[in-house]
Student: 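Just passing along the structure, written as structure tokens.
Note that the numbering runs from 1 along the sequence shown for the chain. Just follow the structure's listing: the first ligand is 1, and inside any ligand the first atom is 1.
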Amino acid sequence: MSEITPEVLISEQKIQKKVADLAARISADYADCDDLLLVGILKGSFIFLSDLSRALTIPRSVDFMALSTYGESERTQTDGAVRMIMDLRRNITGKHVLVVEDIVDTGYTLSYLLRNLAARQPASLKTCVLVEKPERREVFTQIDYLGFSIPDVWVVGCGLDWAERFRTLPYIGVVHPEA
Ligand code: 5GP
């Protein structure tokens, strides 16, 4: 595979500053919470979740879920668009839950996840998303803490991949899949 260098869209420095700002807001909002459960969605959220969780100043714990998304052609059947392939280890009933996602594109994945988690009756349920693409949104989805809004381009880095490549880039970059 030929070497491609993704073009910088959001620099490492801007991401670090944004993570610190989000962590400060979340720490203030949950100041009275004795155990905030951060739910990371694999694989993409693992880097954002580890940076964010280390910057929080409140008691917190971490759990993970993995989802798989079907192709666009199957998305007409709204409920059939997303499938869970790994569930949480802990029961979240009565817990304060913050879902940590790398990216919201059409919104199907996060809206599926929120319906699924809400049915388990947590004490509260909010979301923290590193990047979203507003132009691509097809379904409403709640984003309580947002890093960046970006245009309709394919981004990599900070956990986001292109065919499993570039997840560990420290910045968010753009690749052009046709290149
Ligand atoms: P949704 O369309 O359900 O909001 O997002 C589905 C999934 O598509 C995301 O969780 C992510 O895995 C993937 N995705 C959408 N846009 C991008 C992108 O620009 N870069 C990468 N790496 N993944 C994306």
Side-chain angles (χ1 to χ4, degrees), residues 1-12 14-16 18-19 22 37-53 62-88 97-119 125-179:
M1 204 182 272
S2 60
E3 227 13 83
I4 300 168
T5 304
E7 176 194 323
V8 179
L9 182 68
I10 307 170
S11 68
E12 180 177 4
K14 279 194 181 147
I15 294 166
Q16 285 174 354
K18 186 66 78 174
V19 169
L22 288 170
L37 178 64
L38 303 168
V39 170
I41 312 307
L42 295 173
K43 296 179 191 173
S45 74
F46 80 109
I47 291 197
F48 179 43
L49 176 69
S50 60
D51 288 348
L52 185 75
S53 59
V62 171
D63 204 345
F64 290 97
M65 290 174 94
L67 304 175
S68 101
T69 313
Y70 293 108
E72 304 225 344
S73 58
E74 283 139 291
R75 283 208 169 140
T76 44
Q77 317 141 24
T78 36
D79 281 349
V82 183
R83 184 168 52 105
M84 190 188 308
I85 52 181
M86 189 185 93
D87 202 352
L88 297 172
V97 174
L98 181 65
V99 173
V100 179
E101 249 298 33
D102 51 348
I103 191 161
V104 171
D105 182 32
T106 61
Y108 282 107
T109 306
L110 192 58
S111 69
Y112 163 86
L113 192 69
L114 290 175
R115 278 199 307 279
N116 182 297
L117 294 177
L125 180 59
K126 287 190 178 183
T127 62
C128 180
V129 173
L130 181 60
V131 286
E132 66 141 359
K133 296 182 192 173
E135 288 165 44
R136 294 264 309 160
R137 192 66 37 79
E138 290 180 26
V139 288
F140 169 78
T141 191
Q142 166 203 342
I143 301 179
D144 298 289
Y145 303 96
L146 174 65
F148 305 93
S149 289
I150 60 167
D152 180 11
V153 287
W154 192 264
V155 285
V156 295
C158 294
L160 290 154
D161 74 314
W162 176 50
E164 292 303 325
R165 298 178 69 199
F166 306 122
R167 282 196 198 277
T168 55
L169 275 185
Y171 63 91
I172 291 180
V174 180
V175 287
H176 302 284
E178 67 281 3

Student: Mind checking what makes side-chain contact (heavy atoms from CB on, under 4.5 Å) contact with Glu12, not counting sequence neighbours?
Tutor: Gln16, Pro170

Student: Can you find a non-hydrogen atom of Val153 under 4.0 Å from ligand 1?
Tutor: yes

Student: Return yes or no for this condition: an N or O of Gly107 is under 3.5 Å from an N or O of ligand 1.
Tutor: yes

Student: Are the side chain of Tyr145 and the backbone of Lys126 linked by a donor-acceptor contact shorter than 3.5 Å?
Tutor: no

Student: I'd like to know if the side chain of Arg136 reaches the main chain of Asp152, judged simply by a donor and an acceptor atom lying under 3.5 Å from each other, with no hydrogens or angles considered.
Tutor: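 Checked: no pair found.
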
Student: Considering both backbone and side-chain atoms of Val156, is one of its nitrogen or oxygen atoms within less than 3.5 Å of a nitrogen or oxygen in ligand 1?
Tutor: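 N/O-N/O distance under 3.5 Å: no.
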
Student: Looking only at heavy atoms, what is the nearest atom pair of Asp102 and Val129, with distance?
Tutor: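 Closest approach of Asp102 to Val129: O-CG1, 4.3 Å.
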
Student: Considering only heavy atoms, which of Phe166, Tyr112, Trp162, Trp154 lies nearest to atom 17 (C) of ligand 1?
Tutor: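 It is Trp154 whose heavy atom sits nearest to atom 17 (C) of ligand 1.
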
Student: Using a strict cut-off of 4.0 Å, indicate which atoms of ligand 1 neighbour a heavy atom of Lys133.
Tutor: 16 (N), 17 (C), 18 (C), 19 (O)

Student: Number the atoms of ligand 1 from 1 as they appear, then name those within less than 4.0 Å of a heavy atom of Asp161, with their elements.
Tutor: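 Listed by number with element: 21 (C), 22 (N).
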
Student: For the backbone of Glu138 and the side chain of Thr106, can you confirm whether one donor and one acceptor N or O come within less than 3.5 Å of each other?
Tutor: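 Between the backbone of Glu138 and the side chain of Thr106 there is no qualifying donor-acceptor contact (under 3.5 Å).
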
Student: Taking atom NZ of Lys133 as the centre, report whether more than 12 heavy atoms of other residues, nucleotides or ligands fall under 6.0 Å from it.
Tutor: yes

Student: With no hydrogens and no angle check, is any side-chain donor or acceptor of Trp162 less than 3.5 Å from a backbone partner on Gly157?
Tutor: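 Between the backbone of Gly157 and the side chain of Trp162 there is no qualifying donor-acceptor contact (under 3.5 Å).
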
Student: Below 4.0 Å, non-hydrogen atoms only: which portion of Val82 touches ligand 1? Side chain, backbone, both or neither.
Tutor: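 Looking at Val82 and ligand 1, no heavy atom falls under 4.0 Å.
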
Student: Output yes when the distance from some N or O of ligand 1 to some N or O of Asp102 is under 3.5 Å, and no in every other case.
Tutor: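 No, since none of the N or O atoms of Asp102 sits under 3.5 Å from an N or O of ligand 1.
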
Student: Can you sort out which atoms of ligand 1 are near Thr109, meaning under 4.0 Å from one of its heavy atoms?
Tutor: 1 (P), 3 (O), 5 (O), 6 (C)

Student: Check each heavy atom of Arg136 against ligand 1 and say whether those closer than 4.0 Å belong to the side chain, the backbone, both or neither.
Tutor: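 Neither; no heavy atom under 4.0 Å.
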
